[in-house]
Amino acid sequence: GAVVSQHPSWVICKSGTSVKIECRSLDFQATTMFWYRQFPKQSLMLMATSNEGSKATYEQGVEKDKFLINHASLTLSTLTVTSAHPEDSSFYICSASYGYTFGSGTRLTVV
Amino acid sequence: TQLLEQSPQFLSIQEGENLTVYCNSSSVFSSLQWYRQEPGEGPVLLVTVVTGGEVKKLKRLTFQFGDARKDSSLHITAAQPGDTGLYLCAGPSFGNEKLTFGTGTRLTIIP
């Protein structure tokens with residue numbers, strides 16, 4: 001079955017620094033990937049749609065300059081949280097449209 | 001905007017009991033998915049229902065899609081501690097692959 005690998009599984013960073021999260025499709029090509037954010041005890045909220053070879057589409061209220069998405073190949077999408085602040089601390093999850101397969105998530109803590 | 005409301009939000013029952021989780025919307029969905037999410041992990045797809053009135057069984061789990069394709073239910077028979085987790089329904093928006101997630105039901109099965 002389709003497998004999506006997300007890395008790292010957790011990261012702690014200092015306020016003001018940037019963090020990159022990778023999402024890879026291991027056994028299929030993903031022209032479209034999705035990035036979600038999940039706060040504790042809440043559901044998943046879609047942040048953006050990542051399209052291979054073109055600009056990402058961001059949901060309303062998501063700062064595109066803060067959450068940089070790059071989908072340079074058919075198997076890799078990256079989310080970079082720039083100038084991170086404590087309020088950016090959350091669980092970030094990616095998925096590929098094929099089979100609605102999700103990565104294992106990245107727990108980001110900004111201190 | 002398509003919204004999916006789940007009920008109950010929290011459910012804690014004894015092992016061996018039966019339960020039903022509901023997923024309701026005022027919008028029509030082409031399909032609905034049900035996921036289970038463990039703490040610190042991404043959601044795992046349990047089932048996809050496509051046809052109005054469809055019933056799918058997965059061992060002790062029974063999924064039903066409403067006739068009007070606006071609602072769905074998940075029934076668990078003889079719940080076991082391994083069923084503990086966050087259950088999420090989700091549906092794709094018409095015309096694209098973006099998923100709207102339900103509000104979630106946090107299920108705890110007490111041994």
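Here is the naming used below: chain letters follow the sequence lines, and residue numbers restart at 1 for every chain. Because only heavy atoms are used, hydrogens play no part in the values below, and waters and symmetry mates are left out as well, while side chains stay in. Predicted model, so just to flag it, every value in this text is computed and none were measured.
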Part of Leu44(A) lying under 4.5 Å from any heavy atom of chain B: both
Judged by atom type as modelled, is there a donor-acceptor pair below 3.5 Å linking the side chain of Ser25(B) to the main-chain atoms of Ser27(B)? yes
With Glu59(A), which residues qualify under side chain to side chain donor-acceptor pair (under 3.5 Å), at least two apart? Lys98(B)
Taking atom NZ of Lys66(A) as the centre, report whether more than 12 heavy atoms of other residues, nucleotides or ligands fall under 6.0 Å from it. yes
Whether Phe102(A) and Tyr36(A) hold their rings parallel, tilted or perpendicular, with breakpoints at 30° and 60°: tilted
Quick one: are Phe63(B) and Val21(B) in side-chain contact, heavy atoms under 4.5 Å? no
So with a 6.0 Å cut-off around NE2 of His85(A), is the heavy-atom count from everything else above 12? yes
Considering heavy atoms only, which positions within residues 100-111 of chain B lie below 4.5 Å of chain A? Phe101(B), Gly102(B), Thr103(B), Arg106(B)
Going by residue number, which parts of residues 70-91 of chain B are within reach of chain A, meaning a heavy-atom gap below 4.5 Å? Leu86(B), Leu88(B)
Considering all heavy atoms of both residues, which atom of Leu76(A) and which atom of His71(A) are nearest to each other, and what is their separation? O-CD2, 3.3 Å
Proximity breakdown for Glu38(B) and chain A, heavy-atom pairs closer than 4.5 Å: neither
Is it the case that over 12 heavy atoms from other parts of the model lie below 6.0 angstrom from the NZ atom of Lys20(A)? no
Is it the case that over 12 heavy atoms from other parts of the model lie below 6.0 angstrom from the CD atom of Gln9(B)? no
Run the side chain to side chain donor-acceptor pair (under 3.5 Å) test against Gln38(A) and tell me which residues pass, sequence neighbours left out. Gln37(B)
